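Before any comments, here is the structure.
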Amino acid sequence: MKNLLLSVLSIVLLTACQKGTTITYTVTNNTGEQITFNTSYYYTAQRTYQTVLNNGETRDILVFGKNEGGFEGGYYAGQYIDSIVGITNTNKRVTKNLLNTDIWHKVSSAKNGTHFFSTTLTENDIQ
């Protein structure tokens, strides 16, 4: 009986401590140029995020989330993001629409409370 009570209590505690959600956007830069990304979004508050991505690197260009509440299972690429602007070191613009859901590869884990999006940019994606 004691083991059963401990098991039930453990399950209740684990389900009561649901993780929030962490959302990560990662880009592989194969454009031949360095790109600076400026992103504006509203998730829990209005924020901006900037990162520099060198040619040949893979890096997170945006990471945001919330620690409290349940996992946001229905999240899709571009949700809550107002803009993602990429400018190269030679003043070319990233022309690939990074707000388009279809260009991102998505991996989600409700267990870990994460959504991970990735895409690759090539020289055809800048102008």
Side-chain angles (χ1 to χ4, degrees):
M1 182 69 169
K2 183 178 178 182
N3 287 340
L4 179 62
L5 183 59
L6 286 175
S7 297
V8 170
L9 183 58
S10 297
I11 291 170
V12 169
L13 286 174
L14 288 173
T15 57
C17 298
Q18 291 183 4
K19 294 180 181 181
T21 306
T22 301
I23 301 162
T24 305
Y25 289 83
T26 299
V27 173
T28 300
N29 180 7
N30 290 331
T31 64
E33 303 203 30
Q34 181 184 69
I35 302 173
T36 300
F37 289 97
N38 291 295
T39 307
S40 175
Y41 65 94
Y42 188 96
Y43 189 53
T44 57
Q46 185 68 38
R47 307 243 196 232
T48 58
Y49 192 86
Q50 183 181 67
T51 190
V52 176
L53 181 58
N54 293 317
N55 181 53
E57 289 184 344
T58 299
R59 183 172 296 167
D60 299 341
I61 66 162
L62 179 61
V63 180
F64 62 95
K66 58 184 175 181
N67 294 326
E68 70 284 345
F71 175 64
E72 190 168 340
Y75 183 84
Y76 58 87
Q79 188 175 359
Y80 307 122
I81 299 175
D82 299 318
S83 67
I84 301 176
V85 177
I87 305 290
T88 71
N89 57 324
T90 59
N91 289 324
K92 296 178 184 174
R93 286 189 160 280
V94 173
T95 56
K96 189 173 199 177
N97 182 1
L98 297 178
L99 295 179
N100 182 349
T101 301
D102 297 331
I103 64 115
W104 295 97
H105 174 72
K106 177 182 179 181
V107 176
S108 295
S109 170
K111 180 181 178 182
N112 295 327
T114 59
H115 292 295
F116 179 79
F117 297 93
S118 61
T119 194
T120 299
L121 298 177
T122 66
E123 60 188 30
N124 296 329
D125 297 318
I126 58 174
Q127 187 175 28

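As the structure is a computational prediction, the values presented were derived from the model and not from experiment.
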Taking C-beta and beyond as the side chain, do [X] and [Y] meet within less than 4.5 Å on heavy atoms?
| X | Y | result |
| --- | --- | --- |
| Tyr75 | Ile23 | yes |
| Asn30 | Leu121 | no |
| Leu99 | Ile81 | yes |
| Leu98 | Thr119 | yes |
| Thr39 | Gln50 | no |
| Asp60 | Tyr25 | no |

Answer yes or no: is there a donor N or O on one side and an acceptor on the other, between the side chain of [X] and the main chain of [Y], under 3.5 Å?
| X | Y | result |
| --- | --- | --- |
| Asn29 | Leu53 | yes |
| Asp125 | Thr122 | yes |
| His115 | Glu72 | yes |
| Thr24 | Phe116 | no |
| Ser40 | Asp82 | no |
| Ser109 | Gly113 | no |
| Asn112 | Thr114 | no |
| Asn38 | Val85 | no |

Inset, instruction - For the pair Trp104 and Phe117, name the ring-plane relationship: parallel under 30°, tilted 30 to 60°, perpendicular over 60°. - result: perpendicular
Going from [atom1] on [X] to [atom2] on [Y], what distance comes out if it is rounded to the nearest 0.5 angstrom?
| X | Y | atom1 | atom2 | answer |
| --- | --- | --- | --- | --- |
| Tyr41 | Thr48 | OH | OG1 | 8.0 Å |
| Ile35 | Arg93 | CD1 | CZ | 12.5 Å |
| Phe37 | Leu62 | CZ | CG | 11.0 Å |
| Ile126 | Thr95 | CD1 | OG1 | 8.0 Å |

Inset, instruction - Could you please spell out the steps behind the side-chain hydrogen bond (donor to acceptor under 3.5 Å, both in side chains) verdict for Gln34 and Thr90? - result: CA-CA 8 Å; Gln34 181 184 69; Thr90 59; over 6 Å; no
Inset, instruction - Step through the shown structure and confirm whether more than 12 heavy atoms of other residues, nucleotides or ligands are within 6.0 Å of CD on Glu123. - result: no
Legend entry - Over 12 non-hydrogen atoms of neighbours within 6.0 angstrom of CD in Gln127: no
Inset, instruction - Please report the closest heavy-atom contact between Asn55 and Thr31, naming both atoms and the distance. - result: OD1-N, 3.5 Å
Inset, instruction - Looking only at non-hydrogen atoms, find the nearest pair between Ile61 and Tyr49 and report the distance. - result: O-CD2, 2.8 Å
Legend entry - Same apolar cluster: Tyr42 and Ile84, side chain cutoff 4.5 Å: no
Inset, instruction - Could you pull out all residues at least two apart from Tyr43 that satisfy ring-ring contact (aromatic ring centres under 6.0 Å, His included)? - result: Phe64, Tyr80
Inset, instruction - Flag the pair Arg59 and Glu57 as a salt bridge only when some basic side-chain nitrogen lies within less than 4.0 angstrom of an acidic carboxylate oxygen. - result: yes
